[in-house]
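The structure appears below as structure tokens.
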Amino acid sequence: LPIHSHLHRPALPVLLTMALLFLSACDEFRPVSHSGAGAYEATMTPVPGGFAVAWYDDRDGNPEIYFRLVDSQGRPQGPEHRLTNDPEFSYEADLAWANGNLAVGWYERSMNGSLRAKLGVWTLSGEPRWTKTVSSAARDGRNIVIRANKNELFSAWIEDLGGDDA
């Protein structure tokens with residue numbers, strides 16, 4: 001899939017808050033993750049047969065990105081899939097259904113505090129196709145948003161110098 005990107009450095013810090021509310025015909029809440037570690041910064045996108053839902057949690061002592069398929073009523077349709085597995089802390093996934101695969105954007109915080117916006121594609125069964133760092137190594141990259149149109153991915157993220165210059 002070709003990647004189209006746009007870099008943006010805001011003049012003031014940007015605060016983005018997203019709430020996920022699962023609307024369905026039933027009157028009950030359905031947990032997506034059963035890890036006991038919570039499910040933070042959740043997002044979802046429509047896929048055939050329902051939705052893909054992604055979040056991060058720290059069930060293993062390190063924040064990582066997970067996703068799970070659910071039906072239109074929010075009932076799990078398979079296991080949770082761990083998408084990231086590295087020493088960096090992975091946060092704030094965004095999802096898009098892209099040409100029969102699941103495109104995922106997120107950012108990672110390294111042990112030295114630097115931030116890197118990432119983009120990857122997985123199958124609905126959780127098999128990785130590819131991942132790529134999309135932000136500059138000379139700047140902090142975070143809060144990536146992705147959209148898909150047929151076989152093209154579009155992404156945008158915040159980049160700044162980091163530290164006191166952010």
Side-chain angles (χ1 to χ4, degrees), residues 1-10 12-20 31-45 47 51-70 76 78-99 101-148 153-166:
L1 297 171
I3 302 171
H4 300 278
S5 61
H6 171 71
L7 301 178
H8 174 67
R9 184 170 190 265
L12 298 172
V14 175
L15 175 62
L16 175 66
T17 305
M18 185 184 88
L20 172 67
V32 174
S33 172
H34 299 284
S35 72
Y40 303 100
E41 305 293 340
T43 186
M44 67 184 208
T45 192
V47 298
F51 298 92
V53 181
W55 66 94
Y56 84 85
D57 70 43
D58 59 1
R59 67 183 76 180
D60 298 315
N62 183 27
E64 300 290 355
I65 305 296
Y66 295 83
F67 93 92
R68 164 177 259 168
L69 298 176
V70 297
E80 297 176 12
H81 300 282
R82 183 174 178 170
L83 301 182
T84 59
N85 188 9
D86 52 32
E88 288 76 26
F89 293 4
S90 303
Y91 297 113
E92 299 185 19
D94 192 32
L95 298 175
W97 176 243
N99 202 27
N101 292 291
L102 189 62
V104 183
W106 72 99
Y107 76 91
E108 293 186 342
R109 182 173 58 88
S110 68
M111 296 305 166
N112 70 9
S114 64
L115 307 174
R116 297 291 171 261
K118 310 280 274 184
L119 182 61
V121 173
W122 280 263
T123 67
L124 289 182
S125 62
E127 296 297 319
R129 303 290 238 176
W130 56 264
T131 61
K132 178 180 179 77
T133 300
V134 293
S135 58
S136 168
R139 297 176 175 261
D140 281 345
R142 59 186 160 70
N143 302 95
I144 187 169
V145 177
I146 58 173
R147 297 295 179 262
L153 288 178
F154 299 86
S155 62
W157 59 92
I158 297 170
E159 269 194 11
D160 56 45
L161 296 175
D164 294 334
D165 295 329

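We use all heavy atoms of the structure for the numbers below, so side chains are in, but hydrogens, waters and symmetry mates are not. Note that the structure is a prediction, hence the values are computed from the model and not measured. Each residue takes its place number in the sequence, starting with 1.
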Kindly compute the distance separating [atom1] ([X]) from [atom2] ([Y]), expressed to the nearest 0.5 Å.
X: Glu127; Y: His81; atom1: CD; atom2: NE2; result: 9.0 Å
X: Thr133; Y: Leu119; atom1: OG1; atom2: CG; result: 10.0 Å
X: Ile65; Y: Asn85; atom1: CD1; atom2: CG; result: 12.0 Å

Of the non-hydrogen atoms in [X] and [Y], which two are nearest, and what is the gap between them?
X: Met111; Y: Pro87; answer: CE-O, 2.9 Å
X: Ile144; Y: Ser155; answer: CD1-CB, 4.2 Å
X: Ala103; Y: Leu153; answer: CB-CD2, 3.6 Å
X: Tyr107; Y: Gly141; answer: CB-O, 3.7 Å
X: Ser90; Y: Tyr56; answer: O-CB, 3.6 Å

### Message
side-chain contact (heavy atoms from CB on, under 4.5 Å), that's the test. Do Asn62 and Phe89 meet it? Break it down for me.
### Response
CA-CA 6 Å; Asn62 183 27; Phe89 293 4; 2.7 Å; yes
### Task
Return yes if some donor-acceptor pair links the side-chain N/O of Asp94 with the main-chain N/O of Thr43 below 3.5 Å, else return no.
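The answer is no, because no donor-acceptor pair under 3.5 Å joins these two groups.
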### Message
For Ser136, is there any backbone N or O sitting under 3.5 Å from a side-chain donor or acceptor partner on Glu159?
### Response
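Flag set: sc Glu159 to bb Ser136 pair under 3.5 Å.
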### Query
Under the side-chain contact (heavy atoms from CB on, under 4.5 Å) criterion, do Arg82 and Arg59 qualify, and how do the steps go?
CA-CA 11 Å; Arg82 183 174 178 170; Arg59 67 183 76 180; over 6 Å; no
Heavy-atom check, side chain of [X] versus side chain of [Y], under 4.5 Å:
X: Arg129; Y: Thr123; value: yes
X: Met44; Y: Val70; value: no
X: Glu41; Y: Tyr91; value: no

### Query
How would you list, by chain and number, every residue that makes a side chain to side chain contact (heavy atoms under 4.5 Å, CB included) with Ala52, sequence neighbours excluded?
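So Ala52 forms a side chain to side chain contact (heavy atoms under 4.5 Å, CB included) with Thr45, Val47, Phe67, Leu69, Leu95, Leu102.
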### Query
What class does the angle between the rings of Trp106 and Trp122 fall in, given that below 30° is parallel, 30 to 60° is tilted and above 60° is perpendicular?
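If you compare the ring of Trp106 with that of Trp122, the planes turn out tilted.
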### Task
Answer yes if the side chains of Glu92 and Asn143 hold a donor-acceptor pair under 3.5 Å, and no otherwise.
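Their side chains do contain a donor-acceptor pair, which is all the 3.5 Å distance test asks for.
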### Pair Val145-Phe154, side-chain contact (heavy atoms from CB on, under 4.5 Å): steps then yes or no
CA-CA 8 Å; Val145 177; Phe154 299 86; over 6 Å; no
### Message
Applying salt bridge (charged side-chain N to carboxylate O under 4.0 Å, His left out) as the test, list every pair that has at least one member in residues 110-123; sequence neighbours left out.
### Response
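Every salt bridge (charged side-chain N to carboxylate O under 4.0 Å, His left out) pair that includes a residue of residues 110-123, provided the two are not neighbours, is Arg116-Asp140.
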